[in-house]
Protein chains: 2
Amino acid sequence: MEEKLQLKSQVCFPIYSLSREIINRYRPFLDELDITYPQYLVLMVLWENEVQTVNQIGEKLNLDSGTLTPLLKRLEAKELIHRCRRRSDERVVEITLTEKASSLKSKAVLVPEKVVNDIGLTSEDLEDLKRIVTKILNKTKNLP
Amino acid sequence: MEEKLQLKSQVCFPIYSLSREIINRYRPFLDELDITYPQYLVLMVLWENEVQTVNQIGEKLNLDSGTLTPLLKRLEAKELIHRCRRRSDERVVEITLTEKASSLKSKAVLVPEKVVNDIGLTSEDLEDLKRIVTKILNKTKNLP
DNA sequence: CACAATTATATTGCGCACAATTTTATTTTC
DNA sequence: GAAAATAAAATTGTGCGCAATATAATTGTG
């Protein structure tokens, strides 16, 4: 019993730790852009496709409206996005990037590389990590 | 530029997603014990060693008093721990497990296995994941 | 066309995380 | 031994994450 309950034997604790650790490493670089990590994720989704609904963003990030609505309002307050209800269906809120956000992209693109260098990750580490994590994430996608 | 900013090319997003996904998979089992995942982590630290200071717990989980103080108060309210200032140094708060918490251990020990089965992880997946994640976490430990 | 069912977002409430500051206790230094 | 420095928790404030519920618009059905 003892052995199974040790932190080092756990599945989730190392992943939970690493997730927080990497986000903390992102922080100083994202501070310069005056955005948080989850805000950065939302902008990345929008940089790939400049107009998207709240739902579409949520599906890509696995976040619901309880998380996204206030986050998007903060991005709007920073003048990085516009929120506008769709004319043809007023239930839908369409999110569009502002000029300010578009011009942030060139700085944002440099951040991940800085973090990787900061931590000293090799491309082999990255490939190994991404391979196994993605494999497991795919397993969970077909579950209830 | 486009390529580097795609979610699938990111280091952190898959880890951040997987961390949340696994914690969500823990939830139904931990709900039965009436505790959250971070509370479960704190209890695990204490099951390994029944008396510890707030600082000692924080070092093992990489959490500060801003997170731990309210969390510990909630565990105290659930009567799973006692919080008591050390006689010889009143700055220190010592956390001890209650009988109730000790008897929870036999149920708690079964949870990780249930989650692993739930997701359908093989022992090979687990080994691969733990090896690479721990390797990267160790790299970060020697950084500023 | 009314009315029930569905859909999209918003709101509320709770529990983390984490930075910054404060409080209280102890140790160090003069 | 008093003042300064250090140390341990607590507090405050902000921003997620997520469950549960509410609101409002649209669609489906008789």
Side-chain angles (χ1 to χ4, degrees), chain A residues 12-13 16-28 30-31 33-43 52-78 80-81 83-95, chain B residues 12-13 16-28 30-31 33-43 52-78 80-81 83-95:
Chain A
C12 190
F13 179 64
Y16 159 84
S17 288
L18 185 57
S19 176
R20 286 195 297 126
E21 174 69 27
I22 298 181
I23 291 173
N24 287 339
R25 298 280 168 191
Y26 265 85
R27 198 179 316 276
L30 293 181
D31 278 351
L33 309 182
D34 188 31
I35 54 176
T36 66
Y37 185 73
Q39 289 167 13
Y40 176 68
L41 290 181
V42 168
L43 290 177
Q52 294 190 61
T53 70
V54 175
N55 243 343
Q56 289 174 320
I57 296 171
E59 272 175 32
K60 284 169 189 161
L61 300 178
N62 304 307
L63 294 171
D64 71 4
S65 68
T67 301
L68 284 176
T69 298
L71 187 156
L72 291 169
K73 284 181 178 176
R74 282 186 286 270
L75 283 180
E76 188 181 35
K78 289 183 205 286
L80 292 172
I81 62 164
R83 299 166 61 251
C84 191
R85 289 196 181 268
R86 179 180 292 169
R87 279 282 190 79
S88 58
D89 185 344
E90 293 271 350
R91 292 173 306 181
V92 178
V93 173
E94 288 180 332
I95 308 297
Chain B
C12 190
F13 178 64
Y16 159 84
S17 288
L18 184 58
S19 176
R20 286 194 296 124
E21 174 70 27
I22 297 181
I23 290 174
N24 286 339
R25 297 280 168 188
Y26 265 86
R27 198 180 316 276
L30 294 181
D31 278 350
L33 309 183
D34 188 32
I35 54 176
T36 66
Y37 185 74
Q39 289 168 12
Y40 176 68
L41 290 180
V42 168
L43 291 177
Q52 293 192 61
T53 68
V54 175
N55 244 342
Q56 288 173 320
I57 297 171
E59 273 176 30
K60 285 169 187 160
L61 300 179
N62 304 307
L63 294 171
D64 70 4
S65 68
T67 301
L68 284 177
T69 297
L71 186 157
L72 292 169
K73 285 182 177 175
R74 283 185 286 270
L75 284 180
E76 190 183 33
K78 291 183 206 285
L80 292 171
I81 62 165
R83 298 166 63 251
C84 191
R85 288 197 181 269
R86 180 180 290 168
R87 278 279 189 79
S88 59
D89 186 343
E90 295 270 349
R91 290 172 307 182
V92 178
V93 172
E94 288 179 331
I95 308 296

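Letters go in sequence order (proteins before strands), and every chain restarts at 1. Worth saying up front: this structure is predicted, and the values here are computed from it rather than measured.
With a heavy-atom cut-off of 4.0 Å to chain A, the contacted part of DNA chain D has its first and last nucleotide at dG15(D) to dT26(D). The outermost nucleotides of DNA chain C lying under 4.0 Å from heavy atoms of chain A, listed 5' to 3', are dT7(C) to dA19(C).
A heavy atom closer than 4.0 Å to some atom of DNA chain D occurs in R91(B), V92(B), V93(B), these being the qualifying members of residues 86-93 of chain B.
Contacts of T67(B) with the nucleic acid, taken as non-hydrogen atoms under 4.0 Å apart, include base atoms. Note on N62(A): only backbone sugar-phosphate atoms sit closer than 4.0 angstrom, heavy atoms only; bases stay farther off. Among the atoms of the strands shown, only primed sugar atoms or phosphate atoms (P, OP1, OP2) are found under 4.0 Å from some heavy atom of L71(A).
Here the straight-line distance linking atom CG of L30(B) with atom CD1 of I23(B) works out to 10.0 Å at 0.5 Å rounding. Interatomic distance, Y26(B) OH to I35(B) CD1, rounded to the nearest 0.5 Å: 11.0 Å. Rounded to the nearest 0.5 Å, atoms CD (Q52(A)) and CD (E94(A)) are 10.5 Å apart. The structure places OG of S19(B) at 9.0 Å from CG of L18(A), a figure rounded to the nearest 0.5 Å. A distance of 12.0 Å separates NZ in K60(A) from CG in N62(A), rounded to the nearest 0.5 Å. For the atom pair L41(A) CG and Y16(B) OH, the distance stands at 5.5 Å (nearest 0.5 Å).
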Under 3.5 Å, which donor-acceptor pairs link side chains of residues 63-75 of chain A to any protein atom two or more places apart or in another chain?
residue	atom	partner	partner atom	Å
D64(A)	OD1	G66(A)	N	3.1
D64(A)	OD1	T67(A)	N	3.1
T69(A)	OG1	S65(A)	O	3.0

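Nearer to the 5' terminus of DNA chain C, by closest-nucleotide assignment, is the contact made by R83(A) (compared with the other of R27(A) and R83(A)). DNA chain C is contacted by both S65(A) and Y16(A); S65(A) maps to the nucleotide lying nearer its 5′ end (nearest heavy atom per residue). With the nearest nucleotide of DNA chain D identified for both N24(B) and K73(B), K73(B) has the one nearer the 5' end. For Q56(B) and R74(A), each mapped to the nucleotide of DNA chain D holding its nearest heavy atom, the one lying further toward the 5' end belongs to Q56(B).
A donor-acceptor pair under 3.5 Å is absent between the side-chain atoms of R86(B) and the main chain of T53(B), judged by distance alone.
Residues satisfying the salt bridge (Lys or Arg N to Asp or Glu O under 4.0 Å) criterion with D34(B), sequence neighbours excluded, are K78(B). Remark: E76(B) engages R83(B) in a salt bridge (Lys or Arg N to Asp or Glu O under 4.0 Å) (not counting sequence neighbours).
In this structure, dG30(D) and dC1(C) make a Watson-Crick or G-U wobble pair, each of the two defining distances being under 3.5 angstrom.
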